[in-house]
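Everything below concerns the one structure shown next.
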Amino acid sequence: QVQLVEFGGGLVQAGGSLRLSCAASGNIFRINDMGWYRQAPGKQRELVATITRGGNTNYADFVKGRFAISRDNAKNTVYLQMSSLKPEDTAVYYCNADVQRGSWTWEGDSYWGQGTQVTVSS
């Protein structure tokens, strides 16, 4: 089993910054893609950013130029640096990891963290 634990959420004023981190632990052979998603009240969960093991990144249009995703493969950790935060960024942020099952397959299982609240005041 694999556990993901997020850190770094909180309350910040508009224009401020926060850094989220998410550490994976447990029975891990290799983590391939990692990502951050968010869910605001009354809305569906949406993709914020993803990063491959090799460091290729993908961002939702609404965070381009403001957020930066990174990872430390040795620590099985993914980060999200959030800058120029807006009230509409308020949501619960979840990290996700695609954990490869073993050396015999590229297939993986998707795991989620419990979420961390980010609140941006105007």
May I ask whether [X] and [Y] are part of the same hydrophobic cluster, defined by side-chain heavy atoms of I, L, V, M, F, W, Y residues being less than 4.5 angstrom apart, directly or through others?
{"X": "Met82", "Y": "Ile51", "value": "yes"}
{"X": "Leu85", "Y": "Leu80", "value": "yes"}
{"X": "Val63", "Y": "Met34", "value": "yes"}
{"X": "Tyr94", "Y": "Tyr111", "value": "no"}

Checking [X] side chain against [Y] main chain: does a donor-acceptor pair fall under 3.5 Å?
{"X": "Gln1", "Y": "Gly26", "answer": "no"}
{"X": "Thr90", "Y": "Glu88", "answer": "no"}
{"X": "Glu6", "Y": "Cys95", "answer": "yes"}

Looking at [atom1] of [X] and [atom2] of [Y], how far apart are the two atoms once the value is rounded to the nearest 0.5 Å?
{"X": "Gln3", "Y": "Ser25", "atom1": "CD", "atom2": "OG", "answer": "4.5 Å"}
{"X": "Phe67", "Y": "Leu20", "atom1": "CZ", "atom2": "CG", "answer": "8.5 Å"}
{"X": "Cys22", "Y": "Phe7", "atom1": "SG", "atom2": "CZ", "answer": "8.5 Å"}
{"X": "Gln81", "Y": "Ser21", "atom1": "CD", "atom2": "OG", "answer": "11.0 Å"}

Any side-chain heavy atom of [X] within less than 4.5 Å of one from [Y]?
{"X": "Trp36", "Y": "Asn96", "value": "no"}
{"X": "Arg71", "Y": "Asn73", "value": "yes"}
{"X": "Lys86", "Y": "Phe62", "value": "no"}
{"X": "Arg101", "Y": "Asp109", "value": "yes"}
{"X": "Asp89", "Y": "Val118", "value": "no"}

Minimum heavy-atom distance between [X] and [Y], given as atom pair plus value:
{"X": "Arg66", "Y": "Ser84", "value": "NH1-O, 3.0 Å"}
{"X": "Ala14", "Y": "Ser122", "value": "CB-CA, 4.4 Å"}
{"X": "Ile31", "Y": "Ala24", "value": "CD1-CB, 3.7 Å"}
{"X": "Val99", "Y": "Asn27", "value": "CG1-O, 4.5 Å"}

For this session: Name all pairs fulfilling the side chain to side chain donor-acceptor pair (under 3.5 Å) condition that reach into residues 50-61, sequence neighbours left out, sorted by first residue then second.
Result: Asp61-Lys64
Problem set entry | Worked check of side-chain contact (heavy atoms from CB on, under 4.5 Å) between Arg30 and Trp106 | CA-CA 10 Å; Arg30 179 187 293 137; Trp106 285 108; 4.0 Å; yes
For this session: Only counting residues at least two apart or in another chain, list the ones meeting side chain to side chain donor-acceptor pair (under 3.5 Å) with Gln117.
Result: Thr119
For this session: Using side chain to side chain donor-acceptor pair (under 3.5 Å) as the criterion, list what pairs up with Glu46, not counting sequence neighbours.
Result: Arg38
Problem set entry | Arg45 NZ/CZ over Trp112 ring centroid, <6.0 Å and within 45° of normal | yes
Exercise. Taking the six-membered ring of Tyr79, is NZ or CZ of Arg19 closer than 6.0 Å to its centre and within 45° of its axis?
Worked result: yes
Problem set entry | Worked verdict on Ile28 versus Asn76 for side-chain contact (heavy atoms from CB on, under 4.5 Å) | CA-CA 9 Å; Ile28 297 172; Asn76 289 328; 3.8 Å; yes
Exercise. Between Thr116 and Val92, is a side-chain contact (heavy atoms from CB on, under 4.5 Å) present by the stated rule, with each step listed?
Worked result: CA-CA 5 Å; Thr116 185; Val92 177; 6.0 Å; no
